[in-house]
Amino acid sequence: MAFSSDQMKKYEIAVSELLECYNDRAKSSGVNLGYRFNNQSIEIFECHPSKEHERGFFEFMVAKITFVNTKQHWKIFRLTGNLKWVSYKRFPIAKTLEEALSSIESDDDRLFWGVAC
């Protein structure tokens with residue numbers, strides 16, 4: 001089940017605030033930051049310009065945060081080198097979206113951010 005429109009508005013504000021702090025550094029490198037909702041998940045990504053790609057850009061996935069409705073918590077995922085989402089071992093579960101975003105922002109293990117960090 002996808003997020004309701006009220007939830008999406010609330011979550012958009014929280015994610016936008018996270019991306020705001022990285023935008024200046026990212027844009028100076030030619031990178032745009034973005035996010036999308038995918039069912040019960042929020043995917044955060046960097047958008048890099050590229051002449052080799054058909055669309056003129058490629059996306060570097062930063063993180064995925066999924067809401068588990070039955071448990072009322074958020075699960076945090078990172079993308080591995082073989083392009084599989086795995087649980088972020090340092091902080092796999094957060095009670096609130098803000099906690100999850102804070103964990104991604106701090107990036108203690110340097111697993112999330114590429115150029116934007």
Side-chain angles (χ1 to χ4, degrees):
M1 182 174 87
F3 296 124
S4 71
S5 59
D6 288 342
Q7 288 173 316
M8 284 180 71
K9 286 177 189 174
K10 178 182 170 187
Y11 300 156
E12 281 177 346
I13 292 168
V15 174
S16 294
E17 286 175 2
L18 167 73
L19 298 183
E20 230 174 77
C21 67
Y22 288 101
N23 262 334
D24 291 336
R25 285 181 281 179
K27 285 187 179 178
S28 68
S29 326
V31 175
N32 291 314
L33 301 175
Y35 62 92
R36 69 176 139 260
F37 293 96
N38 187 1
N39 294 323
Q40 289 292 103
S41 295
I42 302 170
E43 299 172 348
I44 301 170
F45 58 89
E46 297 175 355
C47 189
H48 295 258
S50 172
K51 293 179 183 171
E52 288 83 41
H53 290 82
E54 210 174 278
R55 298 182 294 179
F57 65 91
F58 71 93
E59 291 178 356
F60 173 81
M61 299 306 292
V62 173
K64 180 167 81 168
I65 310 165
T66 302
F67 185 67
V68 182
N69 202 23
T70 57
K71 306 251 181 181
Q72 294 294 300
H73 66 226
W74 294 86
K75 292 181 84 176
I76 305 168
F77 297 93
R78 68 176 187 86
L79 198 63
T80 62
N82 61 357
L83 303 179
K84 292 187 179 183
W85 289 109
V86 296
S87 181
Y88 178 46
K89 289 189 168 102
R90 181 182 291 266
F91 201 91
I93 293 171
K95 292 179 184 174
T96 65
L97 178 61
E98 288 73 17
E99 278 183 16
L101 293 172
S102 177
S103 167
I104 292 166
E105 181 180 10
S106 66
D107 197 12
D108 295 329
D109 297 319
R110 308 216 21 98
L111 296 171
F112 294 113
W113 298 102
V115 173
C117 67

Problem set entry | I93 with F67, same ILVMFWY side-chain cluster at under 4.5 Å | no
Exercise. So, for Y88 and S103, which heavy atoms are closest and what is the spacing to 0.1 Å?
Worked result: CE2-OG, 3.4 Å
Problem set entry | Contact summary for Y35 and S16, nearest pair of heavy atoms | OH-OG, 3.6 Å
For this session: Using the six-membered ring wherever Trp is involved, compare the ring planes of F3 and W74 and label them parallel, tilted or perpendicular (cut-offs 30° and 60°).
Result: tilted
Exercise. With no hydrogens and no angle check, is any side-chain donor or acceptor of E17 less than 3.5 Å from a backbone partner on A14?
Worked result: no
Problem set entry | Any L101 side-chain heavy atom under 4.5 Å of T96 side chain | no
Exercise. Counting only heavy atoms not in K75, do more than 12 fall under 6.0 Å of its NZ?
Worked result: no
Exercise. Is a side-chain donor or acceptor of S102 paired with a backbone partner of E98 at a separation under 3.5 angstrom?
Worked result: no
Problem set entry | Atom pair CD/OG of Q7 and S5 - distance to nearest 0.5 Å | 9.0 Å
Exercise. So, R36 and E43, do they make that salt bridge, N to O below 4.0 Å?
Worked result: yes
Exercise. Looking only at heavy atoms, what is the nearest atom pair of R90 and P92, with distance?
Worked result: C-CD, 3.8 Å
For this session: Enter the distance from I104:CD1 to R78:CZ here, rounded to the nearest 0.5 Å.
Result: 12.5 Å
Problem set entry | Co-membership, hydrophobic cluster, residues L97 and I76, 4.5 Å side-chain | yes
Exercise. Among the clusters formed by ILVMFWY side chains lying less than 4.5 Å apart, do Y11 and L19 turn up in the same one?
Worked result: yes
Exercise. Rounded to the nearest 0.5 Å, how far does CE of M61 lie from CD of E46?
Worked result: 10.5 Å
For this session: Grab the two heavy atoms, one from F45 and one from E59, that are nearest each other, plus how far apart they are.
Result: CE1-OE2, 3.7 Å
Problem set entry | Flag side-chain contact, heavy atom, 4.5 Å: T66 against I42 | no
Problem set entry | Considering all heavy atoms, the nearest I44-L18 contact | CD1-CD2, 4.0 Å
Exercise. Hey, any chance F77 and F91 share a hydrophobic cluster, counting ILVMFWY side chains that come within less than 4.5 Å of each other, even indirectly?
Worked result: no
Exercise. Taking E99 for the side chain and K95 for the main chain, is one N or O donor matched with an acceptor at less than 3.5 Å?
Worked result: yes
Exercise. Linking I/L/V/M/F/W/Y whenever their side-chain heavy atoms sit closer than 4.5 Å, directly or via other members, would V68 and V15 fall into one cluster?
Worked result: no
For this session: Return yes if some donor-acceptor pair links the side-chain N/O of D107 with the main-chain N/O of L111 below 3.5 Å, else return no.
Result: yes
For this session: Show your reasoning for whether side-chain hydrogen bond (donor to acceptor under 3.5 Å, both in side chains) applies to S41 and N39.
Result: CA-CA 6 Å; S41 295; N39 294 323; over 6 Å; no
